[in-house]
Amino acid sequence: MTFTNIQNNQKEAVQAFQGFNVDEQLALLWYLYKDIGNQISPEPNDNSTGAAIAGSWFNQVKEASKEEQLQIQRDIASRKDTDLSRQYGALDSSTKLFFWYALAQGMDEGSVIQVPSDYNLPEQPQSFLEQLKPLSLEDKITFAKSVVLPMGSGSPQSTQI
(Lines give C-alpha, C1' and ligand atoms only; values in the text may rest on other atoms or scores of the structure.)
Protein backbone atom coordinates (compact mmCIF):
# COMPACT_ATOMS: atom_id res chain seq x y z
CA MET A 1 0.00 0.00 0.00
CA THR A 2 1.21 3.49 -0.72
CA PHE A 3 0.26 6.54 1.27
CA THR A 4 0.68 9.24 -1.34
CA ASN A 5 -2.56 10.80 -0.16
CA ILE A 6 -2.42 10.29 3.56
CA GLN A 7 -5.62 12.27 4.04
CA ASN A 8 -7.51 9.48 2.26
CA ASN A 9 -5.42 6.65 3.69
CA GLN A 10 -4.63 8.05 7.12
CA LYS A 11 -6.43 5.31 9.04
CA GLU A 12 -4.62 2.59 7.07
CA ALA A 13 -1.27 4.37 7.48
CA VAL A 14 -1.75 4.66 11.24
CA GLN A 15 -2.79 1.01 11.45
CA ALA A 16 0.30 0.00 9.47
CA PHE A 17 2.49 2.10 11.82
CA GLN A 18 0.86 0.52 14.86
CA GLY A 19 1.60 -2.92 13.38
CA PHE A 20 5.34 -2.34 13.77
CA ASN A 21 7.02 -3.26 17.03
CA VAL A 22 7.51 -0.46 19.55
CA ASP A 23 11.21 0.06 18.76
CA GLU A 24 10.42 0.35 15.05
CA GLN A 25 7.67 2.86 15.87
CA LEU A 26 10.08 4.95 17.96
CA ALA A 27 12.69 4.82 15.19
CA LEU A 28 10.10 5.86 12.60
CA LEU A 29 9.11 8.83 14.78
CA TRP A 30 12.78 9.79 15.08
CA TYR A 31 13.36 9.61 11.32
CA LEU A 32 10.16 11.56 10.70
CA TYR A 33 11.36 14.24 13.12
CA LYS A 34 14.75 14.33 11.39
CA ASP A 35 12.89 14.91 8.12
CA ILE A 36 10.62 17.70 9.36
CA GLY A 37 12.16 18.93 12.63
CA ASN A 38 13.95 21.91 11.13
CA GLN A 39 10.75 22.95 9.34
CA ILE A 40 8.55 23.02 12.42
CA SER A 41 8.70 24.82 15.70
CA PRO A 42 5.88 24.56 18.21
CA GLU A 43 4.84 27.96 19.39
CA PRO A 44 4.92 27.95 23.19
CA ASN A 45 2.72 31.06 23.22
CA ASP A 46 -0.07 29.02 21.62
CA ASN A 47 -0.31 26.89 24.76
CA SER A 48 2.10 28.08 27.42
CA THR A 49 0.65 25.71 30.03
CA GLY A 50 1.05 22.75 27.67
CA ALA A 51 4.59 23.77 26.84
CA ALA A 52 5.45 24.07 30.54
CA ILE A 53 3.97 20.66 31.31
CA ALA A 54 5.75 19.10 28.32
CA GLY A 55 9.00 20.75 29.43
CA SER A 56 8.55 19.31 32.91
CA TRP A 57 7.92 15.88 31.42
CA PHE A 58 10.94 16.20 29.17
CA ASN A 59 13.13 17.15 32.15
CA GLN A 60 11.87 14.11 34.04
CA VAL A 61 12.85 11.86 31.12
CA LYS A 62 16.18 13.65 30.62
CA GLU A 63 17.15 13.06 34.26
CA ALA A 64 16.52 9.30 33.98
CA SER A 65 19.21 6.85 32.92
CA LYS A 66 19.43 6.10 29.19
CA GLU A 67 17.82 2.69 29.77
CA GLU A 68 14.98 4.28 31.73
CA GLN A 69 14.54 6.95 29.03
CA LEU A 70 14.06 4.25 26.43
CA GLN A 71 11.68 2.28 28.66
CA ILE A 72 9.54 5.38 29.30
CA GLN A 73 9.21 5.94 25.55
CA ARG A 74 8.47 2.25 24.96
CA ASP A 75 5.81 2.22 27.69
CA ILE A 76 4.07 5.29 26.29
CA ALA A 77 4.23 4.09 22.67
CA SER A 78 2.98 0.61 23.55
CA ARG A 79 0.25 2.00 25.84
CA LYS A 80 1.61 -0.02 28.76
CA ASP A 81 -0.27 0.52 32.00
CA THR A 82 2.34 2.43 34.00
CA ASP A 83 2.05 5.64 36.02
CA LEU A 84 3.87 7.72 33.40
CA SER A 85 1.97 6.15 30.52
CA ARG A 86 -1.37 6.89 32.26
CA GLN A 87 -0.25 10.46 32.96
CA TYR A 88 0.75 10.87 29.31
CA GLY A 89 -2.62 9.44 28.23
CA ALA A 90 -4.39 12.13 30.25
CA LEU A 91 -2.47 15.02 28.64
CA ASP A 92 -4.15 17.25 26.07
CA SER A 93 -3.11 16.92 22.44
CA SER A 94 -0.93 20.04 22.36
CA THR A 95 1.04 18.93 25.41
CA LYS A 96 1.60 15.49 23.89
CA LEU A 97 2.93 17.09 20.72
CA PHE A 98 5.21 19.45 22.68
CA PHE A 99 6.51 16.46 24.65
CA TRP A 100 7.46 14.42 21.56
CA TYR A 101 9.02 17.47 19.95
CA ALA A 102 11.10 18.10 23.09
CA LEU A 103 12.12 14.43 23.18
CA ALA A 104 13.26 14.57 19.56
CA GLN A 105 15.24 17.75 20.24
CA GLY A 106 16.80 16.06 23.28
CA MET A 107 17.76 13.10 21.13
CA ASP A 108 19.20 15.47 18.55
CA GLU A 109 21.37 17.22 21.17
CA GLY A 110 22.26 13.96 22.94
CA SER A 111 20.55 14.52 26.29
CA VAL A 112 18.04 11.74 25.54
CA ILE A 113 18.91 8.26 24.31
CA GLN A 114 19.28 8.25 20.55
CA VAL A 115 18.59 5.72 17.87
CA PRO A 116 21.97 3.98 17.50
CA SER A 117 23.92 5.39 14.54
CA ASP A 118 24.35 1.89 13.12
CA TYR A 119 20.64 1.04 13.39
CA ASN A 120 18.91 0.06 10.18
CA LEU A 121 15.17 -0.22 9.98
CA PRO A 122 13.96 -3.63 8.83
CA GLU A 123 12.59 -3.81 5.30
CA GLN A 124 8.89 -3.16 6.00
CA PRO A 125 9.31 -0.13 8.29
CA GLN A 126 11.97 1.25 5.90
CA SER A 127 9.56 0.89 2.99
CA PHE A 128 6.89 2.61 5.09
CA LEU A 129 9.28 5.48 5.85
CA GLU A 130 10.11 5.84 2.15
CA GLN A 131 6.39 6.19 1.43
CA LEU A 132 6.11 9.00 3.99
CA LYS A 133 9.06 11.01 2.63
CA PRO A 134 7.33 12.53 -0.44
CA LEU A 135 4.34 13.73 1.59
CA SER A 136 3.85 17.43 2.19
CA LEU A 137 4.98 18.89 5.50
CA GLU A 138 1.34 19.29 6.51
CA ASP A 139 0.57 15.63 5.76
CA LYS A 140 3.64 14.48 7.70
CA ILE A 141 2.57 16.54 10.70
CA THR A 142 -0.98 15.19 10.43
CA PHE A 143 0.39 11.66 10.37
CA ALA A 144 2.69 12.32 13.36
CA LYS A 145 -0.25 13.68 15.35
CA SER A 146 -2.33 10.65 14.43
CA VAL A 147 0.22 8.27 15.88
CA VAL A 148 1.39 10.11 19.01
CA LEU A 149 -1.96 11.36 20.29
CA PRO A 150 -3.43 7.89 20.99
CA MET A 151 -0.26 6.72 22.75
CA GLY A 152 -0.23 6.32 26.51
CA SER A 153 -2.39 4.20 28.75
CA GLY A 154 -5.98 5.37 28.84
CA SER A 155 -5.71 7.44 25.65
CA PRO A 156 -8.55 7.15 23.17
CA GLN A 157 -7.85 4.56 20.45
CA SER A 158 -9.18 6.85 17.76
CA THR A 159 -6.84 8.01 15.02
CA GLN A 160 -8.96 11.09 14.40
CA ILE A 161 -7.57 14.49 15.30
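What you see below is based on every heavy atom in this structure, not just the backbone, and it leaves out hydrogens, waters and symmetry mates. FYI, the numbering just counts along the sequence from 1.
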Kindly indicate, with the supporting measurements, whether the criterion side-chain contact (heavy atoms from CB on, under 4.5 Å) is fulfilled by Gln126 and Leu129.
CA-CA 5 Å; Gln126 182 62 46; Leu129 180 62; 4.2 Å; yes
Begin with the C-alpha distance, continue with both residues' side-chain angles, and end with the deciding distance and a verdict on side-chain contact (heavy atoms from CB on, under 4.5 Å) for Phe99 and Ile53.
CA-CA 8 Å; Phe99 173 70; Ile53 292 169; over 6 Å; no
Between Ile141 and Leu97, does the side-chain contact (heavy atoms from CB on, under 4.5 Å) criterion hold? Intermediate values first, please.
CA-CA 10 Å; Ile141 292 170; Leu97 292 172; over 6 Å; no
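For Gln71 and Asp75, the side-chain atoms include at least one donor-acceptor pair closer than 3.5 Å.
Under the rule for a side-chain hydrogen bond (donor to acceptor under 3.5 Å, both in side chains), the partners of Asp35 that lie at least two apart in sequence or sit in another chain are Lys140. For Asp83, the side-chain hydrogen bond (donor to acceptor under 3.5 Å, both in side chains) test picks out Arg86, with sequence neighbours left out. Under the rule for a ring pair (Phe, Tyr, Trp, His ring centres under 6.0 Å), Tyr31 has no partner lying at least two apart in sequence or in another chain. Listed by chain and residue number, nothing satisfies the ring pair (Phe, Tyr, Trp, His ring centres under 6.0 Å) test with Phe58 (two or more places apart in sequence, or in another chain).
The main-chain N or O of Ala64 is found under 3.5 Å from a side-chain atom of Gln69 such that the two form a donor-acceptor pair. Side chain of Thr142 to backbone of Glu138: a donor-acceptor contact under 3.5 angstrom is found. Judged purely by atom type and a 3.5 angstrom limit, Gln25 uses its side chain to pair as donor or acceptor with the backbone of Gln18. Here the side chain of Asn9 pairs no donor or acceptor atom with the backbone of Glu12 at under 3.5 angstrom. A donor-acceptor pair under 3.5 Å is absent between the side-chain atoms of Gln39 and the main chain of Ile36, judged by distance alone.
We find the CG-CH2 distance between Leu29 and Trp100 to be 6.0 Å, quoted to the nearest 0.5 Å. Rounded to the nearest 0.5 Å, atoms CG (Leu84) and OG (Ser153) are 11.5 Å apart.
What you find for Tyr88 and Met151 is that their closest heavy atoms are CE2-O, 3.0 Å. Scanning all heavy atoms of the two residues, the minimum distance from Leu121 to Glu24 falls at CD2-O, 4.3 Å. Listed here is the closest heavy atom pair of Ser85 and Ile76: OG-CA, 3.9 Å.
The side chain to side chain contact (heavy atoms under 4.5 Å, CB included) test with Phe17 is passed by exactly one of Leu28, Leu32, Leu132: Leu28.
Legend: salt bridge (charged side-chain N to carboxylate O under 4.0 Å, His left out) pairs involving residues 116-131, not counting sequence neighbours, sorted by first then second residue: Glu130-Lys133.
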Please tabulate, one pair per line, all N/O donor-acceptor pairs under 3.5 Å involving side-chain atoms of residues 102-113, not counting sequence neighbours.
residue: Gln105; atom: NE2; partner: Tyr101; partner atom: OH; Å: 3.3
residue: Asp108; atom: OD1; partner: Lys34; partner atom: NZ; Å: 3.0
residue: Glu109; atom: OE2; partner: Ser111; partner atom: OG; Å: 2.9
residue: Ser111; atom: OG; partner: Gly106; partner atom: O; Å: 3.4

